[in-house]
Amino acid sequence: MSFAPKILNWYREHQRELPWRETREPYRVWLSEIILQQTRVAQGMPYYYRFVEAFPTVYDLANAPEEHVLKLWQGLGYYSRARNLHATAKIVVVDFHGEFPKTYKGLKSLKGVGDYTASAIASFCFDVAEPVVDGNVYRVLSRYFGVDIPINSTQGIKYFKELAREVMDAGNIRDYNQGIMEFGAIQCAPKKPYCLLCPLQESCVALKENKVDTLPVKQNKTKVRNRYFNYLVLLDKNESTVLEQRKGKGIWQNLYQFPLIESEKRLQAEELKPLIMEKEDVPELESLSLYNNEPIVHKLSHQHLFTQFWILKTSYILEEGTHWNEIGNFPVPVLIADFIKTLKI
């Protein structure tokens, strides 16, 4: 028995029951695929249900305020996915009359939809014979065929897409694509794969050559950059504070935060005070205190944020302020959401 039939047999026996597998509705499949980018199924599942409940159709999502979309997304990270999700919903409604394109090429033209997502929607919803290649598929193919070309290189991306096309089952593409991804997630896992009970073990090059732990190969990651954030948590006697919206490109675009001073290193109070005085929108202070003695280190893919929250009490009334009990309604980075939960005023 060759590669694809073994994958299909394994999938019939081991497939998980997931809500997006019970439908061919492109909107719901697309929604699940965007949520599951960079996200484990267990973490993404509640968000999927949350979005389907809040926005049952692509029209509902397209007509929603961006803040509502970002608030529902809060905690998933990679917020550009949420903004692209919202933008694509509008494109589907306006340019495609609420109907998702039915071809790989048409789907790939949508904002935030790359090769993998277009292949997934095309094959799951419309039986288009297009192979999916995600992290799980890279791992299965790299190990089974013993390929050490870096999966994140231009050569590797092209090579594995062609290899995936060669071995796929075009006649049962929906189950085959779901099957090989499921196989990579469960059987051929990144760590501690179940090689002894694997239906592919007889022909697996990585197992034969003792390379399971070294495949797939990835090129060196981008150097991680350290950044130092000082959030100014203003509080007046009415228990109001100040939130501002992050503008421009970059992490957390359009999310809300406390006024921020970014520094070159970790600051002490006497070093921060003159920088606070330079900010025009900060009133005269009664007191300044550091909430967390040790910086909270928030790790993103290419940067580590060393974060300190400073409590600034003022006798001035913050006219443009928001009451502390209401700030939970704003979409904020999970780093700030966690702080808001812990601060008792």
Side-chain angles (χ1 to χ4, degrees), residues 50 54 61 63-83 85-87 90 227-264 266-293 295-296 298 300 303 305-345:
R50 202 177 298 168
L61 179 56
N63 293 329
E66 186 183 70
E67 277 189 25
H68 188 188
V69 176
L70 291 172
K71 182 62 182 174
L72 281 183
W73 194 271
Q74 186 173 299
L76 264 183
Y78 298 95
Y79 286 87
S80 60
R81 292 183 294 163
R83 289 188 288 272
L85 186 84
H86 196 212
K90 292 179 179 179
R227 298 176 71 182
Y228 298 87
F229 281 13
N230 299 273
Y231 283 116
L232 310 180
V233 186
L234 284 154
L235 289 171
D236 67 13
K237 63 182 179 182
N238 293 334
E239 296 186 349
S240 287
T241 188
V242 172
L243 289 177
E244 59 186 23
Q245 194 172 28
R246 287 183 73 98
K247 295 296 184 184
K249 299 295 181 185
I251 61 167
W252 304 333
Q253 178 188 342
N254 294 348
L255 297 186
Y256 286 81
Q257 64 178 14
F258 299 107
L260 172 67
I261 291 176
E262 185 170 355
S263 53
E264 296 295 317
R266 182 179 171 186
L267 297 181
Q268 302 298 322
E270 58 270 20
E271 296 172 297
L272 183 66
K273 280 178 183 175
L275 299 177
I276 293 174
M277 292 174 67
E278 291 175 12
K279 290 182 77 71
E280 295 177 4
D281 51 351
V282 177
E284 190 175 327
L285 303 179
E286 280 187 341
S287 65
L288 170 68
S289 60
L290 178 60
Y291 177 77
N292 53 311
N293 290 324
I296 298 165
H298 190 67
L300 302 170
Q303 48 192 325
L305 311 181
F306 292 78
T307 307
Q308 293 177 297
F309 289 92
W310 298 86
I311 311 299
L312 285 65
K313 293 192 174 178
T314 177
S315 56
Y316 283 77
I317 300 300
L318 301 170
E319 299 292 347
E320 302 294 320
T322 302
H323 195 273
W324 190 262
N325 291 340
E326 296 175 1
I327 59 175
N329 299 326
F330 291 82
V332 297
V334 69
L335 171 72
I336 291 177
D338 288 344
F339 164 77
I340 290 170
K341 288 176 193 170
T342 60
L343 182 65
K344 302 290 185 282
I345 63 168

Rounded distance [0.5 Å steps], CD1 in Ile276 versus NZ in Lys279: 9.5 Å
From CG (Asn63) to NE2 (His86), nearest 0.5 Å: 8.0 Å
Please give me the minimum heavy-atom distance between [X] and [Y], naming the atom from each residue.
X	Y	result
Asn230	Ser263	ND2-OG, 3.1 Å
Val69	Ala82	CG1-O, 4.0 Å
Arg83	Leu70	CG-CD2, 4.2 Å
Leu232	Ile261	CD1-CD1, 3.9 Å
Pro283	Leu318	CG-CD2, 3.9 Å

With [X] via side-chain hydrogen bond (donor to acceptor under 3.5 Å, both in side chains) - residues at least two apart:
X	result
Glu66	Asn254
Ser289	none
Tyr291	Thr342
Lys247	Gln245

Within residues 315-326 or reaching into it, pairs that qualify as side chain to side chain donor-acceptor pair (under 3.5 Å) - sequence neighbours excluded: none
Side chain to side chain donor-acceptor pair (under 3.5 Å) pairs, two or more places apart, involving residues 67-78: Glu67-Tyr256, Lys71-Gln74
Verdict with supporting geometry, Leu335 and Gln257, side chain to side chain contact (heavy atoms under 4.5 Å, CB included): CA-CA 10 Å; Leu335 171 72; Gln257 64 178 14; over 6 Å; no
Verify, without hydrogens or angle tests, whether [X] (side chain) and [Y] (backbone) share a donor-acceptor contact under 3.5 angstrom.
X	Y	value
Thr314	Glu284	yes
Thr241	Leu234	yes
Asn238	Ser240	no

Salt bridge (Lys or Arg N to Asp or Glu O under 4.0 Å) partners of Arg227, counting only residues at least two apart: Glu262
By salt bridge (Lys or Arg N to Asp or Glu O under 4.0 Å) - contacts of Glu239 (at least two apart): none
Are [X] and [Y] side-chain neighbours, meaning at least one heavy-atom pair lies under 4.5 Å?
X	Y	value
Phe339	Tyr231	no
Lys237	Ile317	yes
Ile336	Phe229	no
Val233	Trp310	no
Arg266	Phe306	no

Please list, chain by chain and in numerical order, all residues satisfying side-chain contact (heavy atoms from CB on, under 4.5 Å) with [X], sequence neighbours excluded.
X	result
Lys273	Leu288
Glu271	Lys265, Leu267, Gln268
Asn292	Leu290, Ile296, Gln308, Phe309

All ring-ring contact (aromatic ring centres under 6.0 Å, His included) counterparts of His298, not counting sequence neighbours: Trp252
